[in-house]
Amino acid sequence: MHTETQRYILVAPLTRVTLTRDQSFFYILPESMEVTIGSLVDIPFGRRSVMGIVTDSMPDTRPPRSMKIKSISNLQEYQALTSRQITLAQSISNTYLCPLGPILTLCVQKKIKERAKTTPPQSLNLTPFSLPTSESQLLTDILKAQNSSILLNAAGSQHTSTFLTALIEQVLVQNSSSQITIIAPERTQTVALIKHLENIFPTEHIAMVSDLLSGGAQSSAWQRIKDGSARIIIGTKRALFAPYQELSHILFLQCHDMAYKQWQTQPLYDARDVVTTLQEIHNATLIRVSDSPRVTDRFLAEQSKSYHTLAPDKKRVLTINMREAYWKHNEKRTKKVRPLISEDLYAQISNTIRAGQKTLLFVNRQGKNSFSVCAKCKEVVRCPTCEYALTERSKGNFTCLHCNHQTDVFPSCTSCGNLTFTSVGMGTEAIEEELSRRIPGSVIVRIDQSLIKTSKDAQKIYDKIQDPKCNIIIGTQMMTKSTWSQNVGLAAVLDMDTLLSSVDYDAHEKALAHILQLSARLRPGGTLLVQSYDLLHPIMDTVHTLQKSGPQIAYDTFYEDESSMRQILQFPPYQNLISLTGSHKDLATLEKNADTLYNQLADIPDIIVTEPHAPRVSTRRGSHYIRIIIKYKQELPASARRVLLGCDRSWSVDVHPESIS
């Protein structure tokens, strides 16, 4: 029994709570304790003690008298979160049908004392940037468009960095206390951004939010953002949850990039949508920047008349028919092998090195190959806990890029016991070995996820690339997303066919994005080269248009064709998607559960539901997987929402999924 004199507050536990009930719980506030909304407290929750965030310190209603109310155990931090952070977290929970606690956890930064630094304060004295007339007018228009969302297509433009730096400068000049945050898709990009901006702005005005930082550095940055002393904030999607004091502008770089989608662990949010909510909460101006905007983003931007372009530079585009390269390579060989790099590309690389310029080589796979097969029985070497093909490494072992499983250095075929394997496809390590052999004396830098674990790793690679002696850079997607070097004369897509092997509805959109990103990394007059075995593929028509008419016309032509096709097939932006993925150790039980869920959804009006089907990879870590796709136009019907909220933990609900294959 509780009395009227007791004080009650609502607390959201920082743990997963079933979506069928309220995400905040009543607790008694001890007389000796004072809290406010956003305070971090310790609470008893079931049989354990967890941390929680106070979401309402003065609720209008009292708990039922029959309810046994527990008391707060301890106050950890007074107002650890701002009310805006809580509002953002609640919006994500509602949009993506995920528990509130794990989202609030992203907003909490544990206080760790950082080693004291003795950097004297510097005044913010800025020198105006000189921009072409057309870009100066665009900059003026963007600065005038307050509290709005803008999409900036920078396809093939070398002026993007200068334009955005000028924009940052003007924002800081216009308001002496305003904050501007710059969001990048990959954590490695933040290192290049920090280096670039520290050469222009005082370092004490800049803060970095990244999991590459130590706990103390991250805590210090969080506090500087909260008290307003950090005016330029650079980070990955984690920076969306920072405690901004006076956020006026958001620069959202490479807004088409799929790295913005949180798809492996809960909460399954998409930063490309969350950033819009952040902009609305702070009444800020959002500038989305992309070398190849998503069809959905451009469609919505054109409707609101907020679509702008930067003038592209002239680039030379070449295509290489790898079928011809294959026959030339094997003309005098008894055993036929697929060349990784054509002779034409080798000649281009040599010419670029002689000109004192750098070469970017993009391959969408780390390791030595795409997959391996047993030389005896032709069985694909797969991970024992999931269906993914293992990737060969230079050390001689195989690794799974999905679950990090590793074999020993002398693996054997699980079917026949054979010890020899044949590599298929290419990876960054194989390209590095090939170039070291064919072009001795070249200085090669490789960029992929296996090499970058900390901020020091990213810094080392950045310094190597900036070294004038470096002349060849090999990398995966993270290489194409940042201006690592300003002196790139040649860029090449080594395996275009792998990019086009996906069966997702937006596979062509993603492939074109990689091509246009590489084009944007080139200096004016540079050469973009695409190797492919299938020059008749529809996306190669876009490459040919890029070759003849430039990046803007190529992208515009692609957008019109792709948009029309999606309207016919009812894909985004004309329909929204939800992916339901169920898992279970027993396949029969999983199929029964999937049929039950499908029957609950099938008769709901205003949605389209696919029958349960196996995804592209249907077994992972010993569990079977099955998938159901939902399509809907504007709002998800309330009846469908109730069904999804009632799904048990064996089902993952992914709103706006990155992949449905």
Side-chain angles (χ1 to χ4, degrees), residues 156-158 291 312-332 337-364 426-447 461 464-476 479-480 482-497 499 514-533 535 540 543-551 554:
S157 176
Q158 269 284 314
D291 297 318
D313 302 298
K314 288 186 177 180
K315 313 286 172 62
R316 191 165 65 118
V317 181
L318 302 174
T319 56
I320 291 181
N321 188 337
M322 290 303 290
R323 292 178 184 272
E324 294 180 359
Y326 173 85
W327 291 114
K328 287 181 181 179
H329 184 76
N330 293 288
E331 189 174 8
K332 297 180 180 180
V337 293
R338 286 194 172 197
L340 302 179
I341 299 175
S342 64
E343 293 301 323
D344 290 341
L345 178 52
Y346 275 121
Q348 292 280 351
I349 295 173
S350 298
N351 292 337
T352 303
I353 292 175
R354 282 194 291 269
Q357 299 170 1
K358 299 182 189 297
T359 295
L360 293 182
L361 301 178
F362 168 65
V363 54
N364 197 32
M426 64 180 77
T428 53
E429 293 179 18
I431 299 300
E432 183 179 24
E433 291 180 4
E434 178 79 2
L435 286 169
S436 298
R437 183 178 61 83
R438 287 291 303 268
I439 310 180
S442 59
V443 179
I444 303 171
V445 177
R446 175 164 60 91
I447 308 174
I461 289 181
K464 287 180 181 179
I465 290 172
Q466 298 306 312
D467 190 332
K469 295 180 182 179
C470 168
N471 44 38
I472 300 176
I473 305 165
I474 306 166
T476 53
M479 178 195 69
T480 69
S482 179
T483 310
W484 292 87
S485 177
Q486 299 292 333
N487 189 31
V488 179
L490 173 67
V493 180
L494 298 186
D495 192 7
M496 186 67 191
D497 307 293
L499 289 178
H514 290 307
I515 294 171
L516 292 180
Q517 279 181 306
L518 280 173
S519 173
R521 303 289 86 82
L522 289 167
R523 58 183 291 167
T527 300
L528 173 66
L529 194 147
V530 180
Q531 293 189 157
S532 176
Y533 281 89
L535 296 185
M540 296 306 294
V543 175
H544 297 147
T545 305
L546 176 65
Q547 180 178 352
K548 296 176 182 178
S549 307

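With contacts defined as side-chain heavy-atom distances shorter than 4.5 Å, the pair I465/I447 qualifies. Contact of the V488 side chain with the T359 side chain is not registered, since no non-hydrogen atoms from C-beta on lie closer than 4.5 Å. Put simply, the side chain of D291 does not reach to within 4.5 Å of the side chain of L518, judged on heavy atoms. With contacts defined as side-chain heavy-atom distances shorter than 4.5 Å, the pair I320/V530 does not qualify. Within the 4.5 Å cutoff, no side-chain heavy atoms of S350 are placed close to those of I353. Using a 4.5 Å heavy-atom threshold, the side chains of L318 and L528 count as separate.
Nearest heavy-atom pair, L499 versus F362, reported as atom, atom and distance to 0.1 Å: CD1-CE2, 3.8 Å. Nearest heavy-atom pair across Y346 and I439 is CD2-CD1, 4.2 Å. Closest approach of A325 and P339 over heavy atoms only: O-CG, 4.1 Å. The nearest pair of heavy atoms linking N487 to R523 is OD1-NH1, 2.7 Å.
Considering only residues two or more places apart in sequence or on other chains, K464 meets the side-chain contact (heavy atoms from CB on, under 4.5 Å) condition with V445. Residues forming a side-chain contact (heavy atoms from CB on, under 4.5 Å) with D497 (at least two apart in sequence, or on another chain): D495, S532, Y533, D534. Judged as a side-chain contact (heavy atoms from CB on, under 4.5 Å), and not counting sequence neighbours, the contacts of P551 are A155, P312, L516, L546. In this structure R438 satisfies the salt bridge (Lys or Arg N to Asp or Glu O under 4.0 Å) test together with E343, sequence neighbours excluded. T545 pairs by the side-chain contact (heavy atoms from CB on, under 4.5 Å) definition with S549, I553, A554, T557, not counting sequence neighbours.
A donor-acceptor contact shorter than 3.5 Å is absent between the side chain of Q531 and the backbone of A492. S519 places no side-chain N or O within 3.5 Å of a backbone atom of I515 that could act as its donor or acceptor partner. The closest donor-acceptor contact from the side chain of N471 to the backbone of K358 lies at 3.5 Å or more, if one exists at all.
If you take CG on N351 and CD on Q357, they are separated by 10.5 Å, rounding to the nearest 0.5 Å. To the nearest 0.5 Å, atom OG1 of residue T476 and atom NE2 of residue H514 are 9.5 Å apart. Rounding to the nearest 0.5 angstrom, the gap separating the CG atom in L494 from the CE atom in M322 is 8.5 Å. The CG atom of L360 sits 8.0 Å away from atom CG of L490, with the distance rounded to the nearest 0.5 Å. The line from CD of E433 to CZ of R446 is 9.0 Å long, rounded to the nearest 0.5 Å.
Contacts classified as side chain to side chain donor-acceptor pair (under 3.5 Å) and involving residues 316-328 (residues at least two apart or in different chains) are given here: R316-T527.
None of I474, I444, I472 except one satisfies the side chain to side chain contact (heavy atoms under 4.5 Å, CB included) rule with I431; the exception is I474.
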